Amino acid sequence: MESAWGAGPAGAAGAAGAGGALASKRDKEGSKSRSRRRWRKVKAKAPVLLHSMDLREYVTLHKGCFYGRCLGFQFTPAIRPFLQTISIGLVSFGEHYKRNETGLSVTASSLFTGGRFAIDPELRGAEFERITQNLDVHFWKAFWNITEIEVLSSLANMASATVRVSRLLSLPPEAFEMPLTADPKLMVTISPPLAHTGPGPVLVRLISYDLREGQDSEQLNSLVKSEGSRSLELWPRPQQAPRSPSLVVHIHGGGFVAQTSKSHEPYLKSWAQELGVPILSIDYSLAPEAPFPRALEECFYAYCWAVKHCALLGSTGERICLAGDSAGGNLCFTVSLRAAAYGVRVPDGIMAAYPATMLQFTASPSRLLSLMDPLLPLSVLSKCVSAYAGAETEDHSNSDQKALGMMGLVRRDTALLLRDLRLGASSWLNSFLELSGHKSQPKSVPIAEPVRRSVSEAALAQPEDPVGTDPLKSLTIHDLSLRGNSETSDTPELSLSDETLGPSTPSDVNFLLRPEDTPEKVESQEEMSTKDGSSSCLSGTFPEDFLPRRSSQGPTQIPLYSSPIAKNPFMSPLLAPDSMLQTLPPVHIVACALDPILDDSVMFARRLRSLGKPVTLRVVEDLPHGFLSLASLCRETRQAAALCVERIRQILTPPGPAAPPV
């Protein structure tokens, strides 16, 4: 496919015969050559533009339009209704957050009072933007943990595969010894987690499709932790299945701040059924209450315990796979690095779905796309990273605000819903009369009105552009083609070719700043820019007479380089030295093309490829971050989830004997 930057039609008009074909070929090659040169210039300029000051200005741009009517436009159509439903629930939940008791009461209130967000996408988009920019990580922790509510988790489990074993275990904080891989006669002591909160038990969940030997032993039963009515799904069977030769140790995602294995149990049950192996999912402590390295210590402790006591879990431990998604993928890499540092057995392979490998928050190109991501916006990603790094989290709640109560909320929001219906009908009627040639004078809204106007109404009342035209309309087709050329490609989907995963060195991982732009220099430039009131150089990248629409919510505080611990290789494995990465087992990464942390996967795979390590990278199209939790939603998510299962199966399959030379 020819690039959209072609300089002109190929071939001369009226050319015929061999001479015309040759001229056409030369013109095409010249067009492609010019396109490649121009693209190299853009790539060379991009690192200059995408530094931290640009990021701070970038987040001031108006984002409500992406979260309203067109939310999820970049994803497969089958998933858009679900994303719209999630956004309605999010803004309704955000309106009642900390005015009511968190948990089921807020969820119920949101269901009753979120009607107006469903009928007014502009209002929904503006509220979504307010929430993402103003509410702290504790809000996202509460919202993402809605799936932990007993009612919702029970409904999800009813629709998932039925397994014989689903047990929550509590591992006591007791030190134990493991043999060294280099010399099994020597032992190393594995200490219980100690960081921040001191010694404490580690919770894990054992899931198995069949009841296997050892899974009903007295020793394992002594570790079972009660979960109420669903604490034990152990069905009596006349005969036990033999121990599986394989074991999957799973680490869940959730931005290091939310969720447990309960939220990920539906697709883990499907994995247990399809793979026929027991799965141990680790419930690590969450930030901001337990920042780095608490989660790493607990996951490493649970992994070592599983390797030592695999017989209790129904496995012989011949093949062990570490699997995780998002934050769990990060912990899979760091657990393996820690195991190699201790000298104990490393897993036979790692399957990481959309992992985060670079927690030193910087403006990578894929993260800039999260301006319009409905599941992982840029500001939310930065808050999760900051919380895991141990930075201070601000609480924007008003302590004087009192709860209205369930019926009070229903009465108030019913009035707002009726008002929005009235305003919507009035706006539609006025538009109809204007189209009919009978323009009517718009009525001004009283300033003393106690309820806020809808976003649709507010947009109509905004003053026009100073030049009297929409600045977006001043862009020419050529300008739009320059902006959209990166979407054109000769291949229908991304692959793991040598070109995409070319050689990389540790110095290449900082693809966001120029070599001379050190963090200290960037911070000093920001201070000078703040003092003299000048704006970032991002404003110089806009076309002439183009005025970007700014957010009415004010700038978002994104902590850049706020914590030196983010450079720790056990927190950001992408920054690990070559000697550490050499110890990793075969790695299989499944990423999303429109994921804010896609660059983490690509750069990590490139580094492993440059070191000669076995690594595969598969980038799926049209799916959002977190598709594993949406595995049963549509055909595309089922196919992506099946790809993850296939990668795990490759790890668990013992390598066959080498083929004899021909």
Side-chain angles (χ1 to χ4, degrees), residues 66-67 70-91 93 107 128 140 143-149 151-161 207 250-255 257-274 279 281 323-329 351-356 369-370 372-377 380-381 384 493 589-598 601 618-648:
F66 294 121
Y67 300 138
C70 64
L71 181 137
F73 71 93
Q74 67 269 44
F75 301 125
T76 177
I79 208 172
R80 293 173 195 168
F82 171 80
L83 296 177
Q84 293 282 357
T85 304
I86 290 294
S87 69
I88 294 172
L90 173 67
V91 296
F93 187 88
T107 306
F128 198 110
W140 297 98
F143 179 72
W144 289 337
N145 282 336
I146 287 179
T147 54
E148 304 284 325
I149 297 176
V151 175
L152 297 181
S153 62
S154 299
L155 292 175
N157 280 292
M158 289 174 60
S160 60
I207 299 175
H250 171 262
I251 307 177
H252 68 81
V257 302
Q259 298 189 339
T260 66
S261 60
K262 183 188 296 186
S263 302
H264 299 252
E265 192 176 4
Y267 73 79
L268 290 179
K269 289 182 175 181
S270 299
W271 286 9
Q273 180 182 13
E274 296 178 35
I279 298 176
S281 184
D325 67 306
S326 189
M351 194 290 295
Y354 38 89
L369 289 177
S370 63
M372 57 184 178
D373 192 274
L375 295 180
L376 194 59
V380 178
L381 178 61
C384 294
E493 66 177 30
I589 301 176
V590 180
C592 306
L594 295 175
D595 189 355
I597 54 178
L598 168 65
S601 299
R618 179 66 181 271
V619 180
V620 298
E621 302 286 343
D622 303 330
L623 291 181
H625 184 91
F627 64 78
L628 277 178
S629 298
L630 314 175
S632 60
L633 194 61
C634 61
R635 176 179 57 86
E636 290 83 355
T637 55
R638 287 192 293 270
Q639 291 176 346
L643 176 62
C644 295
V645 173
E646 182 59 31
R647 293 293 188 261
I648 297 176

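Model, not experiment: these values are computed from the prediction.
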N/O donor-acceptor pair under 3.5 Å between [X] side chain and [Y] backbone:
| X | Y | value |
| --- | --- | --- |
| R80 | F75 | yes |
| S261 | S281 | no |
| E148 | T260 | yes |
| D325 | G253 | yes |
| T85 | P81 | yes |
| S326 | G328 | no |

Subject >> S629/H264 under side-chain contact (heavy atoms from CB on, under 4.5 Å): CA gap, chis, key distance, verdict >> reply: CA-CA 7 Å; S629 298; H264 299 252; 4.2 Å; yes
Minimum-distance pair of heavy atoms, taken over all atoms of [X] and [Y]:
| X | Y | result |
| --- | --- | --- |
| C644 | W271 | CB-CZ2, 4.4 Å |
| T637 | S632 | OG1-N, 4.4 Å |
| A591 | L598 | CB-CD1, 3.9 Å |
| P377 | D373 | CG-O, 3.6 Å |
| A641 | A631 | CB-CB, 3.8 Å |

Subject >> Y354 vs I589, side-chain contact (heavy atoms from CB on, under 4.5 Å): CA-CA, chis, key distance, verdict >> reply: CA-CA 7 Å; Y354 38 89; I589 301 176; over 6 Å; no
Are any non-hydrogen side-chain atoms of [X] and [Y] less than 4.5 angstrom apart?
| X | Y | result |
| --- | --- | --- |
| L90 | Y67 | no |
| P624 | F82 | no |
| L375 | L83 | yes |

**OP:** Would you sort out whether E636 and E621 count as a side-chain contact (heavy atoms from CB on, under 4.5 Å), showing the intermediate values?
**Re:** CA-CA 9 Å; E636 290 83 355; E621 302 286 343; over 6 Å; no
Original post:
Below 6.0 angstrom between ring centroids: does that apply to F128 and F66?
Top reply: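 No, the ring of F128 stays outside the 6.0 Å limit from the ring of F66, centre to centre.
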Original post:
How long is the gap from CG on L594 to CD on Q74, to the nearest 0.5 Å?
Top reply: 6.0 Å
